[in-house]
Amino acid sequence: MTRATIAGLGTAVGHRVVTNHDLAESLDTSDEWIVERTGIHERRIGGSCLELGAQAARLALNEADVDAADLDLIICATCTPDQVFPAVANRVQQELGAVCGAFDLNAACSGFTYAVTLAQSQIAAGMERVLVVGVDTLSRFTDWEDRTTAILFGDGAGAVVMTAAQNEDRGVLSTFMGSEGRFADLLVCDFGDYIRMDGKEVFRQAVRVMVAASRRVLEDAGLEASDVSVVIPHQANLRIIESAMKRLGVAQDRAATVLEVTGNTSSASIPLAMNAAREKGAISDDDIVLLVGFGAGMSVAAALLRWGQ
Ligand code: UT7
């Protein structure tokens, strides 16, 4: 089977930095509480899904040396589109000058990994170049007077160009897409309302589903947790990541994080963390890289890759 691999990666974040100290000026909270309970120090706010998504996509295309006109498909993972319709993906397509099919996918914070899974299947079916964009502007759906949610979220985008791996050992090895609809009320944003959640229960279920999905893709690829060089988890809360890593039996320093400076950016969080890991030199060719996301739904997705072209 042809495996898809990441040929280019680009990211974008909101232009305005909002620190914990900024939030503590208007909310009954503190930098100390937020850092201890979440690991977040600041978040970036601003921009539309189109602006952030197109910016990240251009950088990914440039790195992959792919012309937008040569793309076969654009999948945009988002749960905060700029409009009910058209899809963000259609606007991004126009902005880039692409001529291919384009659609949005909403799997909340698991969206990017769901989209990577679909890109893999389309490349296995014969497509050559698929653009995956994860973008969310959660600040527009955040109640800035609610200290239980306002501390968590930020705006951002990450994009990858996926192409067929030249080396057949590299690329996507296994994927998993899951949903536990019985937990759909734990994390909700109704039309005209703000994000509402049962944080404690989301926390508990998140650790469970992340570990189960990770084990599943490892088993499907015939690998062990000890084979994983880098885990790129959804960036919701550092304590969730630490608990999941512990249960999975992977050393904490193998988890890529970026939430310290971005907050939770939903569909964008995994590519943003991927970029941060890469900039630190933490990912090398042939590394086994595990992407694992969870989110409202409750959705969960994992993808295991052997890094490199
Ligand atoms: O993409 C998925 C998105 N959502 C999530 O991932 C949410 C997952 N859950 C979490 O990240 C955590 O549950 C939170 C960070 C939201 C909350 O942390 P926690 O350790 O579960 O705190 P808690 O809800 O148990 O609250 C502990 C206390 C409460 O006070 P009392 O009842 O003990 O007096 C809260 O009212 O902390 C209080 N509190 C705060 N205090 C200062 C809640 N929010 C804040 C705050 N600053 N911002």
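Order of listing sets the numbers, starting from 1, for every ligand and every atom in it.
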- Could you tell me which atoms of ligand 1, counted from 1 in the order shown, lie closer than 4.0 angstrom to a heavy atom of A236? 6 (O)
- Query: Quick check: are there more than 12 heavy atoms from other residues, nucleotides or ligands sitting under 6.0 Å from CZ of R196?
  - Reply: yes
- Message: Is any side-chain heavy atom of I232 closer than 4.5 Å to one of I283?
- Response: yes
- Task: Decide if atom CD of Q252 counts as having more than 12 heavy atoms of other residues, nucleotides or ligands within a radius under 6.0 Å.
- Result: yes
- Find all atoms of ligand 1 within a distance of less than 4.0 Å from any non-hydrogen atom belonging to D28, and give their numbers and elements. 42 (C), 47 (N)
- List for me each residue that meets salt bridge (charged side-chain N to carboxylate O under 4.0 Å, His left out) alongside D67, sequence neighbours excluded, and say none if there are none. none
- Message: Only heavy atoms of M197, strictly under 4.0 Å: list the atoms of ligand 1 that pass.
- Response: 4 (N), 7 (C), 16 (C)
- Query: Does the distance from a Lys or Arg side-chain N to an Asp or Glu carboxylate O, for R43 and E260, drop under 4.0 Å?
  - Reply: no
- Item | Interfacing atoms of ligand 1 (cut-off 4.0 Å, heavy-atom, T38) | 15 (C)
- For ligand 1, which atoms sit closer than 4.0 Å to a heavy atom of L187? 2 (C), 3 (C)
- Counting heavy atoms under 4.0 Å, the part of L27 that contacts ligand 1 is neither
- Item | Any protein heavy atom < 4.0 Å from atom 39 (N) of ligand 1 | yes
- Task: Could you check if a side-chain atom of E180 sits within less than 4.5 angstrom of a side-chain atom of V300, using non-hydrogen atoms only?
- Result: no
- Contact check: T148 vs ligand 1, nitrogen or oxygen atoms, below 3.5 angstrom: no
- Should the pair R44-D155 be classified as a salt bridge under the 4.0 Å nitrogen-to-oxygen rule? no
- Message: Between R306 and D169 (salt bridge meaning N to carboxylate O under 4.0 Å), is one present in this structure?
- Response: no
- Item | S30 N/O under 3.5 Å from ligand 1 N/O | no
- What about N237: any of its N or O atoms under 3.5 Å from an N or O on ligand 1? yes
- Give a yes or no on whether a salt bridge exists between R216 and E219, defined as a side-chain N under 4.0 angstrom from a carboxylate O. no
- Task: Would you check whether G199 has a nitrogen or oxygen atom less than 3.5 angstrom from a nitrogen or oxygen atom of ligand 1?
- Result: yes
- Task: Answer yes or no: is there an ion pair linking E36 with R239, defined by an N-O contact shorter than 4.0 Å?
- Result: no
- Option nearest atom 20 (O) of ligand 1 (shortest heavy-atom distance, choices R147, R37, E36): R37
- For atom 37 (O) of ligand 1, closest protein heavy-atom neighbour: W33 CZ2, 3.3 Å
- Message: Measuring from non-hydrogen atoms of C109 to any atom of ligand 1, is the shortest distance under 4.0 Å?
- Response: yes
- Got a protein heavy atom sitting under 4.0 Å from atom 14 (C) of ligand 1? no
- Note on the structure: Here the atoms of ligand 1 under 4.0 Å from any heavy atom belonging to N264 are 1 (O), 2 (C), 3 (C)
